[in-house]
Amino acid sequence: MNDKKSHEVEMMSELIDSIANFCGIKQVIDLGSGKGYLSSFLSMQYNLKVYGIDSSNTNTYGANERNRKLKKHWRAYQSRARANVRGQVLEEPKDRAVQDEMKCRANINEKLLSTNNNLLSQDQMACSDSVPLEITGAFTDSAMLKTSKQTETHLVAQTQSDGNKISENAFSLLNILPADAVEAVSSSKYNMELCEEEKEQRKMASIKAKASKSNDSNIYLPLTSYITAETELRDIITDLEDCIMVGLHTCGDLAPNTLRIFTAKPEIKAVCSVGCCYHLLTEEFENQKDCSPGLWGFPMCRYLKEEGWCCGRNARMTACLALERVAVSQVLPTESLFYRAVLQVIIEECYGVIKSDRHVGKIFSKSSSFVDYVRKSLKKLELDESKLPDSCIMDYYEKYKHRMNELEAFNMLKVVLAPCIEVLLLLDRLCYLKEKDNIAWSGLVKLFDPVKSPRCYAVVALKK
Ligand SMILES: C[S@@+](CC[C@H](N)C(=O)[O-])C[C@H]1O[C@@H](n2cnc3c(N)ncnc32)[C@H](O)[C@@H]1O
C-alpha cells in the first residue's frame with residue numbers, strides 16, 4: 001500500500017470505528033471498496049463485520065486473494081502475540097501487556113502489508129484521483145499507535161439539522177477532532193441533553209457493540225455489484241443489519257448515490273463518504289436537451305435544483321486539481337499541458353478533428369520529445385501520422401512556445417479556483433442531507449492531509 005492509501009485508511013478507519021461505537025453497530029458496508037484496503041483494515045484492526053461492494057470483478061478477486069493472505073499472517077501473528085503476552089503477564093503490569101499487543105499489531109500490519117507487496121503494488125485503481133506516491137512497506141509503528149488526539153481531523157462544517165438531540169457520546173465522536181478545529185457547541189444551543197434513562201440506554205448499546213465486536217473474528221466479505229441510487233442492499237447482503245455505510249474515494253455518481261441509499265434505508269444508521277473524480281458526475285442541467293428529472297450526480301439539493309445550477313465538465317475537472325500540492329511543490333505540470341494544448345491545434349488544423357471518443361492518456365512521461373509525444377498521440381487517436389513530417393510538428397511547437405507563460409497563468413488560476421468548485425459540490429451533498437427529516441447530524445470533516453491526499457473531505461451523517 002502506498003503512503004497515500006495507508007494515510008487514508010488509518011484516518012478513515014479511526015473515524016468509522018468511533019461512529020460505529022457511538023451508534024452501537026458492528027456492520028460496515030464499504031461501497032466502491034476496490035481492492036479492499038479500507039475494508040480489511042476495519043475488519044482486522046477494529047473487529048468490524050465488513051461487506052465491501054465493488055462493480056469490478058477483478059477488484060473483488062484481488063480483494064479476496066489479499067484478504068486470504070492477510071488472514072493467514074494475522075492468525076500467525078496473533079498467536080505469537082498471545083504467547084508473548086502470556087510469557088510476560090506474571091512480571092509485567094497490565095498496561096505493559098496491552099502496549100505489547102499494540103506493538104505486535106503494528107508489526108503485524110507492517111509485515112503483512114510488506115510481505116504482500118506484489119499484490120499490493122497492483123493497486124491500479126479504476127479511477128485514481130491523484131498521482132500515487134511511492135510504494136512503501138505500509139503502516140508504521142508510530143502510525144499504528146497514534147492516539148485519537150493526534151488525528152489531523154478537522155471539522156469544517158457541523159450543524160444540527162433541526163435542534164434534535166445528540167447524546168453526549170456524540171462528543172466522544174467529536175473528541176477525535178482537535179479542540180481548535182471544532183466549532184464551539186454549547187449543549188444548550190443545540191439542546192443536546194438527554195434524559196438519564198436515554199443516556200444509560202445509549203451507553204449500554206455502545207458497551208454491547210464493543211463486547212460483541214471482540215467476539216467476532218474480523219469478517220470481511222468482498223462482493224461484486226454495480227451500485228445505483230435504487231440498489232436494494234438486502235438483495236446483495238442477506239444478513240443486513242443496522243450498519244454504517246462508508247466509501248473511500250467513491251468516484252463520480254457513487255458518492256451522491258451512497259447518500260441517497262443512506263437516507264432511504266432505515267438500517268443504515270450513519271454514513272462516512274469521501275468522493276473523488278468529480279468530472280465523472282452526471283449533471284442534470286449540463287445538456288439542455290436532456291434535463292429529464294432523475295437521480296443525477298449534481299445537483300442534489302433543492303436550492304440548486306430550483307436554480308437549475310450547472311457546473312459543467314471543465315469546472316468539475318478543475319475541482320479535481322490539488323491546490324495544496326501545487327502550493328507545496330511550487331510547480332505546475334506546464335510542459336505536459338503545453339504539449340497537450342499544441343496537440344489539440346495540430347489535430348484540428350491537420351486532421352479536422354474537433355472531438356474524439358478516443359483518449360490520449362498519460363503519455364507525456366513516456367515521450368522523449370515533443371515530436372515523439374505527437375506521434376504517440378496520433379497513433380492512439382488512430383490518425384495517419386505519416387502525413388505529418390517532424391519539421392511540421394516542430395513548426396507548431398515553435399509557433400506557440402512563447403505562449404507557455406499564458407498557459408501557466410491560466411492553469412494557476414484554475415488551481416486557485418479548484419477549492420471553490422469542490423466546496424460547491426460538497427455543500428450540495430451536505431444540503432441534501434440537511435433537507436432530510438431523518439438526519440440527526442451531518443457535517444463535512446477534513447479527514448486527510450490534503451498534500452498526501454487531495455480529496456480529503458468526508459461527508460458524515462448520523463440518523464435520528
Ligand atoms: C477510486 S476507486 C477507490 C477504491 C477503494 N475504495 C480505495 O480507496 O482503495 C473507486 C472504486 O469504486 C468502484 N465503483 C465505481 N462506481 C461504482 C458503482 N457504481 N458501484 C460499485 N462500485 C463502483 C470502482 O470499481 C473502483 O474500484
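One-based numbering along the sequence shown. Order of listing sets the numbers, starting from 1, for every ligand and every atom in it.
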Just so I know, are the side chains of Leu223 and Ile236 near enough to count as touching, which here means a heavy-atom distance under 4.5 Å?
yes

Going by the rule side chain to side chain contact (heavy atoms under 4.5 Å, CB included), which residues pair with Ser33 if we only count those two or more places apart in sequence or in a different chain?
Asp30, Ser39, Asp54

Note: Asp54, heavy atoms under 4.0 Å from ligand 1, region reported as both

Please state which option from His249, Lys5, Lys35 has its nearest heavy atom closest to atom 7 (C) of ligand 1.
Lys5

Going by distance only, is there an N or O of Leu254 that falls short of 3.5 Å from an N or O of ligand 1?
no

Taking distance alone, with no angle check, do Ser56 and ligand 1 share an N/O pair under 3.5 Å?
no

For Lys434 and Ser442, test the side chains for any donor-to-acceptor distance below 3.5 angstrom and give the result as yes or no.
yes

When you compare ligand 1 with Cys276, is there at least one nitrogen or oxygen pair between them that comes in under 3.5 angstrom?
no

For Asn59, the ligand 1 atoms with a heavy-atom partner under 4.0 Å come out as 25 (O), 27 (O)

Counting each atom of ligand 1 from 1 as listed, which ones have a heavy atom of Cys251 under 4.0 Å away?
10 (C), 15 (C)

Indicate, as side chain, backbone, both or neither, the part of Ser225 found under 4.0 angstrom from ligand 1 when only non-hydrogen atoms are considered.
backbone

Just list the side-chain donor-acceptor pairs under 3.5 Å for residues 300-314, sequence neighbours left out, or say none.
unit_1: Lys305; atom_1: NZ; unit_2: Glu284; atom_2: OE1; d: 2.6
unit_1: Lys305; atom_1: NZ; unit_2: Pro299; atom_2: O; d: 3.4

